Amino acid sequence: MTAGGTVGRSDGRTAKIAVIAGDGIGPEVIEAAIPILDRAAAKHGFALRWERLPYSADHYLRTKETLPDAAFQHLRDDVDAIFLGALGDPRVPGNEHARDILLGLRFKLDLFVNFRPVELLHPDLTPLRNPGKIDFVIFRENTEGQYLGRGRSSGDEHVAEEVNTGKGVERIVRAAFEWAQSHGKTRVTMSDKSNAIPTHRIWQETLQRIAREYPAITAEHRYVDALALELVREPQRFEVIVTNNLYGDILSDLGAGLVGGLGIAASANLHPGARQSLFEPVHGSAPALAGKGIANPVAAVLTGGLMFEHLGYPAAAATLKQAVRKLLASSKRPPDLGGDAGTAAVVDALGDLI
Ligand code: NAD
Ligand code: IPM
Ligand code: MN
């Protein structure tokens, strides 16, 4: 798998996948990806049983329901994986439904690894000159930080607390080292802002302690501001980046920008070794694109590849990535990558390549 051990409750031939397509372009990219994933699965001798769930801004506005407990338990216990499009709708300005559904699943399923690969799949997709090989992964802590929403507002003071527990920091740092070790990587870069935020000492101490257990891996540290610069200047030197929830969110969009943008950036929310995981593109619901038939479905397809790896079908994941590489080298690129192929045309082209 991509991060952690291979899991799956499927019988080996059919995987049951819950789908939360969500808002905006979410349903468009998910419905585009599904036939591609089906095709790749069939080619490798397994099948996917899709179960579409309605949770979205529309559903919330209609019913006041975000993610009911029974649905959460079903997602936790009864399916092999969760495949999510995007959540976010201008009609829900407080984003309550996304907090409950997306962040709620990450927190309640304890999916502490947000695994976000950044790989240059075609040389002309980067805005950089002479980039060389760009191929690193971000291990974003996914259950703590400012995302817990702790804090208070009183009068003119609005306080957002950032939670960093010893357990939380240790498990994400360890997951990054474990992945590096099992994937032949030799460098792990931890990023924090301990020069300005005293509590980030826990990240420094944890890095030093865990690094001693992995003598074959070079452990290094970058303040997140300096890392943002260096990622643009010299992205090819990075292999594994581990950081907190907020910095990981920001750096993963920066990473996407280095290799072609959000239209092709995949991510997985994992608890290594545990059963349930959630797979979603890095991008959001892109309301301005919704309904136009031009959303790029490649991020969703590659996210499906991460899901295949996790379910124990690495060859099917490789098939998807190979098809995407060929698509990106062809004239069938979607508009965000400089072409004029709409979502349906990209699906047709990808289907022909599998
Ligand atoms: P966004 O990712 O939706 O869009 C950012 C930019 O990237 C826009 O220019 C958009 O057109 C482009 N883009 C994104 N995905 C694309 C695709 N597949 N094909 C082509 N172009 C694509 O981010 P935003 O505008 O900051 O957020 C919009 C909404 O999405 C907000 O409500 C936000 O909270 C939500 N959001 C949700 C998720 C998620 O559910 N995982 C992730 C990010 C943002
Ligand atoms: C992401 C998104 C989410 C996040 C938002 C929608 C809450 O930006 O998955 O990257 O910040 O985690
Ligand atoms: Mn984000």
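For ligands, and for the atoms within them, numbers begin at 1 and follow the listed sequence. Values in this document were obtained by computation on a predicted structure and should not be read as measured data.
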Region of Arg106 engaging ligand 2 - heavy atom pairs below 4.0 Å: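 The answer is the side chain of Arg106.
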
Heavy atom under 4.0 Å from ligand 2: found in His283's side chain, backbone, both, or neither?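 Neither part.
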
Quick check: Asn95 and ligand 2, any N/O pair under 3.5 Å apart?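 Between Asn95 and ligand 2 (N or O atoms, distance only) the closest approach is not under 3.5 Å.
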
Do Tyr55 and Thr63 come close enough that some side-chain heavy atom pair is under 4.5 Å?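 No. Closest side-chain heavy atoms not under 4.5 Å.
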
With the side chain counted from C-beta on, respond yes when Leu302 and Val324 share a heavy-atom pair under 4.5 Å apart, and no when they do not.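 In short, these two side chains touch, coming nearer than 4.5 Å.
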
Inspect the contact between Lys16 and Asp78 and indicate whether a charged nitrogen and a carboxylate oxygen are less than 4.0 angstrom apart.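 The answer is no: the pair does not qualify as a salt bridge.
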
Using a strict threshold of under 4.0 Å (side-chain N to carboxylate O), is an ion pair present between Arg171 and Asp110?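 Answer for the salt bridge query: yes.
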
[X] side chain to [Y] side chain, donor-acceptor N/O pair below 3.5 angstrom:
{"X": "Arg333", "Y": "His122", "result": "yes"}
{"X": "Asp192", "Y": "Ser194", "result": "yes"}
{"X": "Glu141", "Y": "Thr143", "result": "yes"}

Which N/O atoms of ligand 1 sit under 3.5 Å from a protein N/O, and at what distances?
unit_1, atom_1, unit_2, atom_2, d
ligand 1, 2 (O), Gly284, N, 2.7
ligand 1, 3 (O), Gly284, N, 3.4
ligand 1, 3 (O), Ser285, N, 3.3
ligand 1, 3 (O), Ala286, N, 2.8
ligand 1, 18 (N), His283, NE2, 3.4
ligand 1, 18 (N), Asn296, O, 3.0
ligand 1, 19 (N), Asn296, N, 2.9
ligand 1, 30 (O), Ser285, N, 3.0
ligand 1, 30 (O), Ser285, OG, 3.1
ligand 1, 40 (O), Leu87, N, 2.8
ligand 1, 41 (N), Glu280, OE1, 2.8

Minimal non-hydrogen separation, Thr126 against Pro123, with atom names: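 Thr126 and Pro123 have their closest heavy atoms at CG2-O, 3.4 Å.
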
Any idea which heavy atoms bring Gly85 and Ile30 closest together, and the distance?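 Where Gly85 meets Ile30 most closely, the heavy atoms are CA-CG1, 3.5 Å.
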
Pairs where residues 253-266 contributes a residue and the test side chain to side chain donor-acceptor pair (under 3.5 Å) is met, not counting sequence neighbours: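 Output for this query is empty, none listed.
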
What residue pairs, at least two apart or across chains, pass side chain to side chain donor-acceptor pair (under 3.5 Å) with a residue in residues 283-298?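 Pairs touching residues 283-298 that pass the test: Asn296-Asp336.
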
Contact with ligand 2 for Gln146, non-hydrogen, under 4.0 angstrom: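 Heavy atoms of Gln146 never come under 4.0 Å of ligand 2.
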
Neighbouring protein N, O or S atoms of the Mn ion (ligand 3), below 2.8 Å: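 My tally for this metal is 1.
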
Look at atom 1 (C) of ligand 2 and say which protein heavy atom is nearest, naming residue and atom and giving the distance to 0.1 Å.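 Checked against all protein heavy atoms, atom 1 (C) of ligand 2 sits closest to Arg116 NH2, 3.4 Å.
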
Decide if the gap between the ring center of Phe279 and the ring center of Phe83 is smaller than 6.0 angstrom.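 No; Phe83 has its ring centre 6.0 Å or more from that of Phe279.
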
